[in-house]
Each structure stands twice: as structure tokens, then as C-alpha cells.
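Note sheet for the following structure.
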Amino acid sequence: MIITYVNVLKAIADGAALDVGRTVHSSAIMDGIESDVFVGSMLVHVYVHCGSLEEAYAIFNNIPSPNAVTWGTIICGYAEHGLGTEALLLSKKMQENGVEIDQGLLVAVLKASESSSCLTQGQSFHALAVEWDMQHDELVGNALISMYATCGNLDDAINLFNKRPHRSTMAWNALISGLASQSPDYVHGREALTAFWQMIQVVQPNEITYMSILKVCSNLCALNQGNMIHAHLIEGGLRWELKVGNALIAMYLKCGNLEYASCVANTLPSWDIVTFNTVIEGFGRSGLVKQALHLFDEMLRNNIEPNDSTFISILSACSHDGLVEKGHEFFELMKLHGIGPKIDHYDLMVDLIGRAGYLNEAEDFLETMPLTTDFVGWMAMLTHCNRLVNVDIGRRSFSVLVKMDPSNASSYVLMSNLYADAGMLEDAEKLDNIRKSTNGAIKKPGKAFIEIGNKVHEFSVGCRGQDLSGPVYAKLQELRSQLKQNGYKPHINMAQGRSSKEEESMLWEHCEKIAIAFGLINTAEGSTLRVSKNLRVCSDCHDATKAISKVEKREIFIVDTYRVHHFVGGQCSCQDCY
DNA sequence: ATAGGGTTAG
């Protein structure tokens, strides 16, 4: 009977049939074997596979003597569903319980470390693997490479990879997807691209390789690389599935190439929920909000049930177009679809309401929401206070933010800018001094990327290093005087006790401007530039790029974490709503 | 006898 249950549950897990799983679960209870370690482990697996972690954990908790497989299944489940902290807690509990270690379990705890970006834990599990002499196992080795790459320890990832006697597709994938998953910092995206082109010389890539590397192209806005990989995919004759198709669509959308995105979308035999979510999100990101809303209806007509990501996409689409009423409607609609809004959805509503200018209403929304507010929500609040120069609400938001995370500099910077815009220079300066004296209040360094030909170049703020040769500097100077004659005014913040000349010079060290100047002098006249940015584009760079697009007669895309900005003839597709 | 690469969103 146990063997029958195991086989049936395996089939259910493969088909992700949650309802059937629950039925079989109840009959296991009636047969009195739900806490048998084999049946129980498979039940855990079923619930994990269907995304119902609460139920999975309840079963797990009911198994009197869970074994390595049981522990591995529940730990992996948490790790793969983005609950890294919980996965790590379980890993420690597992060690305390003295479970016998096997390869699968090591893979699980390494994934837990990776999922919580906890390098020190990962290293201690690496030591555990060595202790049990399992570090040479193929799967353990891959998990190690992936963990080191994801936790930002590039050297160890590459070292382990190089030491492998046989580098399988899976090992390459561990390296590449690890490097790719650095997003949204995508510090190692360029290294991932290099690894990909090396890889295809020696082994056959598979769907997972393509999905990872296409994500890198999306993050870097590397359209040429993306195109080449697309071509390679077709030539390779790999029978690619919907998942690769979805990654291609996402890549073209992120690069602002809606035409190619549609081409791929139209060749797919059918769309799944990820395709819909991807296109809805991508359309919203490019400002095609009507089309995004239309696709939502079409999704329902196709009997595809929206999930919480769908509503993330649709709410942010509404936000991009200032559709407050629509946003509220969708927020209620998701409840009707049986999806409880999560903190991300509430944060998007705050952004949506604030963006439309209703600051009081947004603050009310934050204060009365049934979930505990988080940094993102109050940050959205402060962003809009800053934009609309509302010192009162801005101050209140700021004090919440500082309590939540005193070491995050972005709240200080926003508040200080807000004071400065309100003419309260002393308060601004005071705050800047506090920020500088607060240990560790560091602003995430801005980075911009631009692809010229097949090479992706990286720039950081103020980098006057090897990348920035004389001609780029000269171009920046030229733009600086040219733009002023064409109506561009530098966004000078008089706080921090600097002169306006110094302030203005600093604006010209922003990485977006450097990337654009580099692009202008290294590409043919009239060709399109695509720049990606790891943060939101600043208001000054946004205005400057509008002017540049006119003066230089160039189409310019800046893809930031928020949306695709398409500059043509002095205007941006976001209509200055950024 | 039971698990074990990854897509969208934030």
C-alpha cells in the first residue's frame, strides 16, 4: 500500500495537481499512514511542488522520524519559494537533530544559503560537504558553484568550476545562472556572457542555459547579444519550449524592442500564465497601458486564472498611467479571484495613489492597511512627497524609514533633497551631516551599461578611470554647453554646502550621462542607443537625455528598474512620470 | 521505494 501511495503521489506532484493531492492526502489519513516517512515525504513534496508551503510544513511536522529526503524536500521547498531565512532555520534545526547527511541534503542546505544570500552559512555547509567527502559529487559541486556565484563570491565559484574534471552542461548552468542572478545589481552579467560564449564551444547548452543568459541580456539591455543568442538558439535546432520563448519575449521587451517581442509572441503555439504576465508587465513598463489592460481581459477569456504576479504587473501598469480608479478596481478584483494582496501589492497601491498626487490618501492607505508596512511602501511615500515638495508628510515618512533601516542612505538623500527643494537649506545640510556621520549609511552605487557592437561596457558614477578616455570627457563638455543653449537646466541641489558650479559638475559625472557620451562617440550617427541602469534614472539625467535626443538626433532608450524610457526628439515616452 | 537545475513580478 505504501508503494502505491508513493507512486500515485509522485504522479500528482509531477502534474502539480493540488486538489487531487489533497484527496489522496485525506485517504492516507484514513488509512493511517500519513505520517509514514515515505508517504509523508511524498506528501511534503506534493504540497511544495504545488506551492502550498503551509500544508507542506504541517505534514513535515507530523512525521515522527523524518529522514534526509524529508528534510531535503522541505528545505528545498522553502529555498525555492524565496523563503531563504526559513530554509536556513530549518537547515540548522536539521543539524541539531543529527540527521544523516547525504548528497541531496547538502544540495538543499546550500540552496537555503543561496536563497538567503548568506555566504557564511554557505561556507559552513561547504565545510560540511568536505567533512562527509561529498564535495566532488556532481550535484553538490553544482550547488556549491551556484551558491558562491549568487552570494557574489565570484572567485570561489570560478575556482570550483575550473577544478571540475568534467564540466557538464549543468555545471556551466550553475555558473552562468549564478552570475546572472546577481540582479538587480547584475554586477556579473558581463562575466556570464563571456562564460556563455565559452560554454557553447565545448558543450551543448539547454533551455536553462538560454533562460539564464537571456535574463542577463534583459538586465543589461544588451539587444545585440540577445539577438545573437536568439539566432544561435534557432541554428542549434534545440526544440525550445514556451519557457525559452517567454525569456525571449521578456528580453526584447526589456530592450524596448516591442516589434521583436511581438514576433516571438506570435510564433508561440499557446500562451501560458507566464507569457501573459511577462507581456502585461512589459507593456506597462513601456507605457502601453491600454494594451496591457486589454491583455488582462484576453487572459481571462482564455480561461487562464491570474495569479499574484499578474496583479503585480497590472497594478504597476495602472501606476505608470496614473489610473487610480482602475488600480483600486484591480485591487478589489484580486480578492474576488481568491488572491490575498501581499505587501508588494499594497506597496504598489501606495505608489499608484501617491503618483497621482493624492498624498494624504496614500498615507491613510499605508496606516490602515492590514499588513505590517515595509520599507518599500514608505519609500514610495517619501518619493512622491519629494516630487510634490510636501515637507509635512515627507518628514513623517522619513522618521518611519529611519527607524526601519537606519543604515539605508536613500531615505536620507530623498529627505535632504526634499528640504532643499522646499528652500530649507539648513535642514538639508543638517541631515546630510547626520547621514555622513552615521556609520554604514551607504548609497548603493549607480551603474550604467551600454552595448556597443557586441561588447557591453560598464560605467559607475564619477568613473574617470580607464574606461573614460579623453574623447568621452570632451563629449561630455561639449554636451554640457550645447544642452544649456537648448533649454536644459541642471537640477542643482544647493545643500551640502557646495557651489552651484561644483554641483553642476557632479551631475555630469552621473553614469547614465557617461554611458550616453561613450555611446554617442562610438556609434554611427543617427543610430539608436540603449542604456541600462541598476537604479532609477535621476531627474537631471532624464531631462538631459531628452535634450540630447533632440540635439544629437538620436533615439535613446534608458531602461531602469522602474520602466523603459524611450527618448525621441526631446521627449520621453514616460511623459516625465518617473 | 521517496527529492534534487529554471521562466514573469518585487
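Everything quoted here is computed from the prediction, not taken from an experiment.
Taking 4.5 Å as the limit, every side-chain heavy atom of A/Ile176 sits out of range of all side-chain heavy atoms of A/Tyr210. A heavy-atom distance below 4.5 Å is found between the side chains of A/Asp272 and A/Asn246.
For A/Glu114, the side-chain hydrogen bond (donor to acceptor under 3.5 Å, both in side chains) criterion is met by A/Ser146, A/Thr150, not counting sequence neighbours. Evaluation of the side-chain hydrogen bond (donor to acceptor under 3.5 Å, both in side chains) rule for A/Ser41 yields A/Thr70 as partners, not counting sequence neighbours. Taking the salt bridge (charged side-chain N to carboxylate O under 4.0 Å, His left out) definition, one finds that A/Glu55 meets it with A/Arg22, sequence neighbours left out.
The A/Glu281 side chain lies nearest to B/dG10 when the options are B/dA3, B/dG5, B/dG10. The side chain of A/Leu139 lies closest to B/dG4 when the candidates are B/dG4, B/dG5, B/dT8. Across B/dG5, B/dG10, B/dT7, the shortest atom-to-atom separation from the side chain of A/Met170 is found for B/dG5.
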Please tabulate, one pair per line, all N/O donor-acceptor pairs under 3.5 Å involving side-chain atoms of residues 282-299 of chain A, not counting sequence neighbours.
unit_1	atom_1	unit_2	atom_2	d
A/Arg285	NE	A/Glu281	OE2	3.0
A/Arg285	NH1	A/Asp560	O	3.3
A/Arg285	NH2	A/Glu281	OE2	3.1

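Near-neighbour residues of DNA chain B inside residues 284-320 of chain A, defined by a heavy atom below 4.0 Å, number-ordered: A/Arg285, A/Ser309, A/Ile312.
Rounded to whole angstrom, the span from the CG atom of A/Asn277 across to the P atom of B/dT8 amounts to 11 Å. Residue A/Lys342 contributes atom NZ, which lies 10 Å from atom C1' of B/dA9 at whole-angstrom precision. Rounded to whole Å, atom P of B/dG10 lies 15 Å from atom CG of A/Asn534. Rounded to a whole Å, the CG atom of A/Leu352 is 14 Å from the P atom of B/dG10. Here B/dA3 presents its P atom at 11 Å from CG of A/Leu9, a figure rounded to the nearest Å. Atoms CG (A/Asp272) and P (B/dT7) sit 14 Å apart, rounded to a whole Å. Remark: P of B/dT7 and CD of A/Glu80 are 10 Å apart, rounded to the nearest angstrom. Between the OH atom of A/Tyr210 and the C1' atom of B/dT8 there is a distance of 21 Å, given to the nearest Å.
The shortest distance between the side-chain N/O atoms of A/Lys111 and the OP1/OP2 oxygens of B/dA3 is not below 4.0 Å. At the phosphate of B/dA1, neither OP1 nor OP2 sits under 4.0 Å from any side-chain N or O atom of A/Lys10. Phosphate contact (OP1/OP2 of B/dG4, side-chain N/O of A/His45, threshold under 4.0 Å): present.
At a threshold of 4.0 angstrom between heavy atoms, the contacts of A/Asn67 include nucleobase atoms, whether or not backbone atoms are also involved. Residue contacts for A/Met211: at a heavy-atom cut-off of 4.0 Å it reaches a base atom on one of the strands shown. Contact annotation for A/Ile2: base contact, defined as any heavy-atom pair under 4.0 Å involving a base atom. Counting any heavy atom pair closer than 4.0 Å across all strands shown, A/Gly104 reaches a base atom. When heavy atoms are screened at a 4.0 angstrom cut-off, A/Val274 is found touching base atoms of the nucleic acid. Nucleic acid contact for A/Ser41: base, since at least one base atom lies under 4.0 Å from a heavy atom of the residue. Counting non-hydrogen atoms under 4.0 angstrom, A/Asn206 reaches a base of the nucleic acid. Residue contacts for A/Glu207: at a heavy-atom cut-off of 4.0 Å it reaches no nucleic acid atom on any strand shown.
Counting only residues at least two apart or in different chains, side chain to side chain donor-acceptor pair (under 3.5 Å) contacts with residues 253-271 of chain A are absent.
When every heavy atom of A/Pro341 is checked against every heavy atom of A/Met334, the shortest pair comes out as CA-CE, 3.7 Å.
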